[in-house]
Amino acid sequence: MVEAAALDDNDMNSSPRDPHADYSQDINLVPLRLMIISREGGVPSYARTGFPHLLINLTSEYDYIRDTYDPSWSKGKHSPLSNLSLARTCLAYMPPTSSAVMVSHRSPSSLIANLITNKPAVSSSLPHALLQGNRKLTRDTPTLLRRGLPIQVIRSLADVDRAKMDYLLETSFKRTLDADAFYKRLEQTLDFVVVAGDYVGAAIVTNEPSPDSSEPISYLDKFAVLPSHQGDGTVDFLWVALHDESYGLGHPFSINPNGGKEGKGEGRDLVWRSRGDNPINKWYFERSSGHMRIGSWVFFWCDAEKRLKVEEGRRASAGLSYIEDWEENRLSRWTEVITKIPSVWK
């Protein structure tokens, strides 16, 4: 107590702090968040029948959003496109990790939630069936915007930067790649590669020959994002592009311009495997149509969405049965092929 009193005494006798001193070196005043609060709220999306976009990659989606904007969504009010342009301009001067949110004044709870999480109300990479029936989504749902990254689809192995791909895979998986074996396999089976930015993320899809069918199995061979870009929206941007190019192909909401097929074609079931102890499996569970455990592996698949939609429309109120004709024996056919794919790690 005596020592404490002495210290207090010393503090009282010391000269007072200068109220005009420059403490700018001790405080980082770089803005990281931009909030645009208005009557309009988020940016309406054609893919959600006018309900707002959840997450926008400004680098790759800005022009397309403006081109597909329906003027009737404004209804004589101030257009959300003005706020979209404002967000883009501001984020261009802010750090790459910064974000902006466009939110309605009628949705204070959404504003508070975004302040805490810096995430969209619902992940944009979830299946559309879950998004369409989600009660969290209303016309006042906010839109989260990030500067984002360019997304490109590569269909020739010759166009893949192998050095950058090697670094991405080895850094993400924390393992050493057997590059010779890996690229030798891709020379025979590659379908396409979705690349985010300068190889900060990639999804590699192959065509695996099926012994009982003329149509190959669409297999997600690798899905990787650099640790430094996990949590900044890159994972969702990459998965949405993968969806648009594979099992979501053929739907109107899969025509995003990313250098791929832009929605033209027929989607195919997408399958992949993951180690049973992989921490990302929870994320896969939420985005897959189904899964099953095979030894130390968890086997996932996403059903081709256009085929399901066509069947639902054809049967009307009858709905889909538990097992359709095209589902007969497909799991055994898939697992027979996928479990035999060799490892490419040393």
Side-chain angles (χ1 to χ4, degrees), residues 125 149 151-211 216-232 234-239 241-243 245-247 269-288 290-302 331 333-346:
S125 61
L149 300 160
I151 301 290
Q152 61 174 321
V153 178
I154 300 173
R155 295 196 172 274
S156 171
L157 187 58
D159 296 329
V160 174
D161 188 318
R162 298 192 181 191
K164 292 180 179 179
M165 181 64 77
D166 292 352
Y167 177 78
L168 166 62
L169 296 179
E170 293 188 344
T171 304
S172 301
F173 287 92
K174 298 179 181 179
R175 303 179 70 180
T176 302
L177 184 70
D178 185 346
D180 290 339
F182 178 60
Y183 291 111
K184 184 177 180 180
R185 206 181 88 77
L186 291 186
E187 287 174 358
Q188 305 296 323
T189 62
L190 180 66
D191 186 5
F192 64 88
V193 182
V194 182
V195 177
D198 190 20
Y199 287 81
V200 302
I204 302 175
V205 177
T206 60
N207 286 320
E208 302 298 330
S210 175
I217 298 171
S218 186
Y219 175 64
L220 178 58
D221 190 281
K222 293 288 182 289
F223 185 84
V225 173
L226 288 178
S228 58
H229 282 267
Q230 293 174 10
D232 67 358
T234 301
V235 173
D236 280 332
F237 296 146
L238 187 61
W239 190 270
L242 170 65
H243 161 275
E245 206 65 19
S246 57
Y247 64 97
D269 300 329
L270 180 70
V271 304
W272 70 98
R273 67 185 184 184
S274 175
R275 292 287 182 184
D277 58 354
N278 190 340
I280 201 176
N281 284 346
K282 179 181 182 298
W283 197 84
Y284 285 151
F285 290 141
E286 295 172 344
R287 281 149 187 81
S288 63
H291 70 276
M292 62 184 294
R293 296 187 179 274
I294 307 174
S296 60
W297 295 99
V298 180
F299 179 79
F300 296 93
W301 70 91
C302 287
L331 289 181
R333 184 174 71 254
W334 288 343
T335 55
E336 181 182 357
V337 173
I338 302 309
T339 54
K340 294 178 181 178
I341 294 177
S343 171
V344 292
W345 304 110
K346 290 183 179 179

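Numbers here simply count residues along the sequence, with the first being 1.
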**Message:** Pair Met165, Leu177 - check side-chain contact (heavy atoms from CB on, under 4.5 Å), show working.
**Reply:** CA-CA 10 Å; Met165 181 64 77; Leu177 184 70; over 6 Å; no
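Here Ser218 pairs with Val205, Arg268, Leu270 under the side-chain contact (heavy atoms from CB on, under 4.5 Å) rule; sequence neighbours left out. Residues satisfying the side-chain contact (heavy atoms from CB on, under 4.5 Å) test with Lys174, not counting sequence neighbours, are none. Looking at residues two or more places apart in sequence or on another chain, you find no side-chain contact (heavy atoms from CB on, under 4.5 Å) involving Lys184. Judged as a side chain to side chain donor-acceptor pair (under 3.5 Å), and not counting sequence neighbours, Asp178 has no contacts. Not counting sequence neighbours, the partners of Val298 by the side-chain contact (heavy atoms from CB on, under 4.5 Å) test are Asn281, Phe285, His291, Arg293, Phe300.
Contact of the Val200 side chain with the Leu168 side chain is not registered, since no non-hydrogen atoms from C-beta on lie closer than 4.5 Å. For the pair Lys222 and Val344, the minimum side-chain heavy-atom distance is below 4.5 Å. Glu245 places none of its side-chain heavy atoms less than 4.5 Å from the side chain of Asp191. Residues Val337 and Tyr219 fail the side-chain proximity criterion, which asks for heavy atoms closer than 4.5 Å. Residues Thr335 and Trp297 are not in side-chain contact: their nearest non-hydrogen atoms beyond the backbone lie 4.5 Å or more apart.
Counting only N and O atoms by type, the side chains of Tyr167 and Asp161 include no donor and acceptor under 3.5 Å apart.
Across every non-hydrogen atom of Arg162 and Tyr183, the tightest pair is O-OH, 3.3 Å. Contact record, Gly197 with Gln152: O-NE2, 4.5 Å, taken as the closest heavy-atom pair. The two residues Tyr247 and Arg287 come nearest to each other via the heavy atoms OH-O, 4.4 Å. The two residues Ala224 and Leu238 make their nearest non-hydrogen contact at O-CD2, 3.9 Å. Across all their heavy atoms, Asn278 and Ser274 have their closest contact at ND2-OG, 3.1 Å.
Glu170 and Lys346 are not joined by a salt bridge, as no carboxylate oxygen comes within less than 4.0 angstrom of a charged side-chain nitrogen.
Side chain of Thr206 to backbone of Glu208: no donor-acceptor contact under 3.5 angstrom is found. Between the side chain of Gln230 and the backbone N or O of Val235, no donor-acceptor pair lies under 3.5 Å.
Sorted by first then second residue, the salt bridge (charged side-chain N to carboxylate O under 4.0 Å, His left out) pairs that include residues 270-283, not counting sequence neighbours, are Lys282-Glu286.
Here the straight-line distance linking atom CD1 of Ile204 with atom CG of Leu242 works out to 11.5 Å at 0.5 Å rounding. Interatomic distance, CH2 of Trp345 versus CG of Leu169, reported as 5.0 Å (0.5 Å rounding). Interatomic distance, OG1 of Thr171 versus OH of Tyr199, reported as 14.5 Å (0.5 Å rounding). Atoms SG and OH, on Cys302 and Tyr284 in that order, are 10.5 Å from each other to the nearest 0.5 Å. To the nearest 0.5 Å, the span separating CG on Asp232 from OG1 on Thr234 amounts to 3.5 Å. Going from atom CG of Leu186 over to atom CG of Asp221 covers 6.0 Å, rounded to the nearest 0.5 Å.
Taking the six-membered ring for Trp and thresholds of 30 and 60 degrees, Trp301 and Phe299 have ring planes inclined between 30 and 60 degrees apart.
For Trp272 and Phe223, the gap between ring centers reaches or exceeds 6.0 Å.
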